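Predicted model only: the values in this text are computed from it and were never measured. In the text below, chain A, chain B and the rest are named by the order of the sequence lines, each starting its count at 1.
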Amino acid sequence: MLAETSAISEEFLRQLTAVGEVDILVGIPTFNNRDTIERVVSAVQVGLTKYFHRERCVLINPDGGSTDGTPEIFKNASVEDFGMLLTSNPLRTFHRVTAPYHGIPGKETALRTLFTAADLLRAKACAVFSPDSLSVTPEWVDSLIRPIYREEYDFVAPVYQRQKFDGLLGRGLLSPVIASLYGRRVREPVGTELGVSGRLACHFLESDVWEEDLTTFGLEIWMTTTAIVDQFRLCESFLGPKVQAAKQFGQDVAGTVQQVVGALFRCLEMHESFWKTRDGSEALPMFGFQYKVALEPLRIGKKGVLDNFRSQLDQLVPILESILTPQTLLALRNIAQLTDRDFRFPDELWVKTIYEFAAAHHRSVINRDHLLRALPLLYRGWISSFILENQKADGARIDQRLETLGGEFDRWKSYLIDRWGADIGGER
Amino acid sequence: MGESKARPAGKGIDALMSRDGLWYRDAVIYELHVRGFYDADGNGAGEFRGLTLKLDYLADLGVSAVWLLPFYPSPLRDDGYDISDYTNIHPAYGNLDDFRMFLEEAHRRNIRVITELVLNHTSDQHPWFQQARSSRDNPRRDWYVWSDSVERYKQARIIFTDTELSNWAWDPVSKSYYWHRFFSHQPDLNFDNPAVLEAVWEVMKFWLDMGVDGLRLDAVPYLVEREGTSCENLPETHGVLKFLRRRVEEQFTEKMFLAEANQWPRDVREYFGNGDECHMAFHFPLMPRMFMALRLEDRKPIVDILQNTPAIPDFCQWGIFLRNHDELTLEMVTDEERDYMYDEFARDARAKLNLGIRRRLAPLMEGDRRRVELMNGLLMSMPGTPILYYGDEIGMGDNIYLGDRNGVRTPMQWNGGWNAGFSNADPEQLYSPIISNPVYGYQAINVESQRRYDHSLLSWMKRLIRLRKSNQVFGRGTMEILSPQNHRVLAYIRELANERVLVVSNLSSQAQAAELDLKRWKGAIPIEMFGGNLFPPIGDLPYLLTLGPYQFYWFRLRRL
Amino acid sequence: MKHLVLQSLDQTFGRFYGMVQQFLPHLLAMIIIVLAGWLVAIILKIIARRLFALARVNTLSEGSGITQILKKADLPPPLDLLSQLVFWVVWIAFILLGLDTLGIPELHLQISRLFLFLPQIFVALIVLFFGLLAANFFSRAALLSAVNANLPSARLVSGFVRFVIILLTIAMALEQLALAERTVLITFTITFGAIMLSLAIAFGVGGRTVAQTMLERIFPPPDAGKREEEKEKVEEIPPL
C-alpha cells in the first residue's frame, strides 16, 4: 500500500530512508512554537525510553515554515540525564526527523505528511502531540500508544481533565451529536493529541479528503467519524489536565465555531447513509489512571456574552428566517426577552436549532459559509445559559447535566432525519 | 627493554611483525582447556601430551598464542581455579616434563603460551591455607584474611550470587571467619603481607623461567580489602601489580600480563597504570553490547561503549572476545539491558547463571552462519587483540543441562566418529558428555569435515585470521567511528601510518543501504580485502554502499 | 363651385388612397413581424428558461438572498423574471423592427439609435443584477461579521454596505447607459467621500477608545502583559 509521496520533500524522504522500519512514530507538527517545543520533545523522548525502550521509534516534526527557529530547537532538544528522570539510557538510537512540508501551514498538511511517513516506515502505532501543550508528561506517550501497540485498537481519543466550563463547544455540541448520530460517545472529538494505528493511517491516506479544504479542526472530526463509520476500533485514554500556551490576544470564538461545526456538518453529509439507519450510542473503553487536580478556575465576565446574544439576535433574524423553522425562531426570540436571572436556553431548543442548522446546511438554503457564521451567536446564547444555570455546580454535576443534554440529542434524531429531506424553503 | 633472550628462529609473519617485542598487539589468541582439547592416553580427559599432538591444527588455524585455563593441582571444585599447588601440573594432565615438551613444540610453531596465574585466592586444600588455618599462631596465618565477625568489609558485593550468601566463611578448625570473594572453598590471599607478595613472585618466576610468554592474572580487582570500600580496584591492588611488573621487567623480556578485571572501561584503564602495570586487559563491557547491537539491529550500544572507552598508554592493548569459558557476563550493563539480553538470548531460564548467559557463540547466533561470520568479522577488526574460544571456529554448540558453566566446556569435536575423535576411552568415562544433538552434535560439527571444504566455517575462519594478521593496522591502529544516517550500519576507519582500512558492517537481518561521508579520503580507491576487487573511487558525494543481511566489508583505502 | 370642391375632395381622397395603398403593405408587414416576433419571443423564453434552470440560477439567487427580496417585493421568482425579461426584450426588438419597416425616416433614425442603445441597456441590466447579488451577499456577510464581533448596530452596518454597493452599481449602470456621465460621477464621488469622512470623524472622535483597543490588538504595546493581568476576567471561554 504505497502512499502518495508528493506530500514529502526529497530531503525528508532521505531522512526517512535512513531511519528504516519503525514500530512507533510520534509526530509534533509545528509552526512558530519556539517557547514550548523543547519541553514537548523531551517529554516524548523520556516517555518513549521509559515505556517502549525496546521498540524502534522515530519522532517526526513536520514544520509549516517556522520563522522563529523552531526546527533547530527541535533537533537540538536533548535529555541530559536519564537517571534523574527515573529511567535508564535508551537501548536504541533515537531518531529525530524534521522537515518543512509543502503547502499551506496547517494541521491537514502536517497530518498527511505524518501518515505518509507512517505508511512508508510501516509503523504499527502513531501518536500526534500538540507543540504547545504545557501539561504534557512522558506518561501521555504510554497512554496514547499502548492501547494501539498492545491492545490492538486503531484510534485513541484523548480525555482531558477540563476546567468545568472549558471546551463546551465539544461537550455541548460536537460530542452529543456524534454520540447520537454515530453511536459512539467520544468526549474529545477535536483533541490536539491523539493516537492512530498504522492500519488506520493508511486508510486515511487513501481518502480524497486531502484535496478538499477541511481546515484546522475539521480533520480531527473527519478522522473520528470516518474511523467510526469504517468499523475501526476506537477507545479513549485519560491524559490529565489540559493546559496550553496562551494564544495571543483573544480567541476567535466565532471562527472556531464556524470551522468546527462546518466540518461536522460536512461529515454528516458524507456519512448520511451510515447515521440515518442506526440507533443508540455506546461509550468507548477508557484507558489510563484517572485523577483530578484542582484547576485554576476561569473567571468569566458573565454579562458580556449574554448581552451580545440578546442584542444581536434581532439583527440576524432575516438570515435566521431562511435557516430555522418559524417555531424555533420564535422560541429563540422569546428567550432573548428573558431577564438575566431567568435566562435559560432549553435543551430541546438547542438541539432543534443545531439539527435545523445541519439540515439547512445540507440543503444549502443560503450560502453555507454565511449559514455557519450565523451559528456563533446562538452558541453564545447557549453558553450563557449553561454557565448561569451551573455556576455553583461542580464538575460531576456538570457531567451529568451534559449527559442529559446528550439524551435530548438522541431523542430528536428523527427530527433531523425529517428536516434533512424537507422541501426547499421549509414549512411556511 | 633489557637484553633480549634468544628466541627460537622464528619464521613467518609473527617474527616479522613483532620485532619491537609487542607481540601481543599483533596476536590472535586461542583460549582452550587442556582437559577438553585432546585425550592421547585414553583416560577420558585431555592432557598435555594430547594437546601437543594438536599443535599442528592450531598452527594451521593461524593463531599466534594459546591461553591455557588452569592446569595446576586442584580439587577441581571450580574447574581448576581453586589451586592447591602453584608450581606443578595436575596429574590428570601430565607432569612438568610434558608441559615443557608442549612449550617447546608450541614455540617451534611460533605459538606463544599464556597461562593462568590465580593471584587472588587458593584452594582451601592448598598447603598454605592448611597451615594458616591450623592455628592462630601459625607463621602463615597472616597469608589469608581472617576475622572474628562478619561485619567487616560489608560493602563488598557477592560475586557468585547463585551459590554464595556471604563473603565470609566459617572455619571450624581455627574457629574464625575467612574472607573469600568467590567460592567458599577459595580463601583470598592477604596481599598486605609482603611474604605473600614474594611467594606469588616466586610462582611467576617459576613459569616465566620455563618459557611461558604471558600470564593471565585472574580476578585482579579483588586482591586487597579495605574497610568502608567495595574492596575492588583499590590503589593498594594497583600497587601489587606495579610491584610484580617491575620485577618482571627487571628479569625478563617480551613477557605479558593480561588482567582479568570485569569493570567499566574507565576502571579497567587503571590496570594499565602508566604503562607500568598490566600489558593487556579484557574489555568486558564491549562483549555483551556486540550481541545487543546485533539483536537490536542498532549500532548504538557498540558506539556508546567505544566512545566511553578511555585511551590507554602506548604499548598497552585491550583484549576483546566474543565468548569464553565463563558465562556471557551481564554485570556491566543496566537492568533494562540485562532484561533485554535475557529475553532475547536466554529464553530457556536454564541458560541463565549468576548474572549472565551460559551459551556458546553458535547457539546464541541461532546457528546462523552469517551472524557468526559477522561477529567474528567485528571481533577481528575492532581495536584490541582478539581472543577466540576453542570450538567456536567450527561453530560448536553447548549443553545447558550440565551444571555451572560446564555446558560450554565440552570436549573438542575433531571428527564424526568415536567420541568425536576426542578420546579412545569409553564414552561413559569422558570427563563430560559430548554434544550430540543433530544440529550441533559432533556428527554435524567437527574439524575433520570442515577441514575438507573451502566453504566451511573453519576454512573461512582461517582466511579471516590470515587477513587479520597480515595487516598490523587492526592490532595497532587508531579507530574513527563514522556516523552514517542508517543506524543499522556500523562503520569505522582503522588507521596506522599510511595504512587505512574501512570496515562497514550491516547489523540487521535485512538488506541495507548506507551513505558514508568519506570526503577526507577523497580520491582513494577502496579495495575489498577478501576478494581483492576494486570498488569505485571515493569522490565528493557520500559513498553509497549496499549490504546484504549481516554482511560486512573490509576495504583497504589505497591512494595511487 | 360645387364642382371645384368635389374635384378637390376627389383629388385629396385619391391622394389619400394612394398613400394608404402605399402604406398598407408596410403596415401588414409590420403586423406580421410583430406577430412572428411574439412567437419567437415565446420560444426563446422557453429555451431561456431551460437554460437558466440548467445554470442553476435559482440556487444562486436563493443563496444570495435575491429570491427573498423578490418575494418581498411581490415579484415573480428569478427564473420566471429572467425568462420574462428575455421574452420582452426579444418581442420589443421585433416590434421595433416592425416599426422600422413602416419606412418613416425620422422614426427609422430613432429606432436605429434605440437599437444601438439596446446592448447598453442589456449590459446595464446585467450590471444591476450582479450588483444586487453582490449587495445582498456582502451585506449579509457584513451583518454576520458585525454580529459575531458584537458591534452594536450590526443591521446598520449591513444596510450601509448594501447601500454603498447599490449606489456603486447604479452609478456603473448609469455610466454604462451614458446618461449624464459626468454628473453621475461627480455626485457619486462627493456622496461617497462625504460618507467616508463622516465615518472617520465619528469613529475617531466618538469611538476613540474602540479605535484604541482595536489598534492595540494589532500592535501590542510593550506592557501588554501587565495589562492582560489587570483585566483578568476572560470575556469568552475557549470553546475547545
Open item on the list: If you count heavy-atom pairs within less than 4.5 Å of chain A, which of B:Val489, B:Thr334, B:Asn486 leads?
Closed with: B:Asn486

Open item on the list: Salt bridge or not between A:Arg56 and B:Glu297? Use side-chain N to carboxylate O under 4.0 Å.
Closed with: no

Task: Within 6.0 Å of CZ in B:Arg157, more than 12 heavy atoms from elsewhere - done: yes

Task: Within 6.0 Å of OH in A:Tyr291, more than 12 heavy atoms from elsewhere - done: yes

Task: Atom pair CG/CZ of A:Leu91 and B:Arg295 - distance to nearest 0.5 Å - done: 13.0 Å

Task: B:Glu515, part contacting chain A, at a heavy-atom distance under 4.5 Å - done: side chain

Open item on the list: With a 4.5 angstrom heavy-atom cut-off, is it the side chain or the backbone of B:Asp298 that approaches chain A, or both, or neither?
Closed with: side chain

Task: Shortest non-hydrogen separation from A:Ala18 to B:His487 and the atoms involved - done: O-ND1, 4.0 Å

Task: Shortest non-hydrogen separation from B:Arg488 to A:Val19 and the atoms involved - done: NH1-O, 2.8 Å

Open item on the list: With heavy-atom distances below 4.5 Å as the criterion, would you say the side chains of A:Arg54 and B:Asp339 are in contact?
Closed with: yes

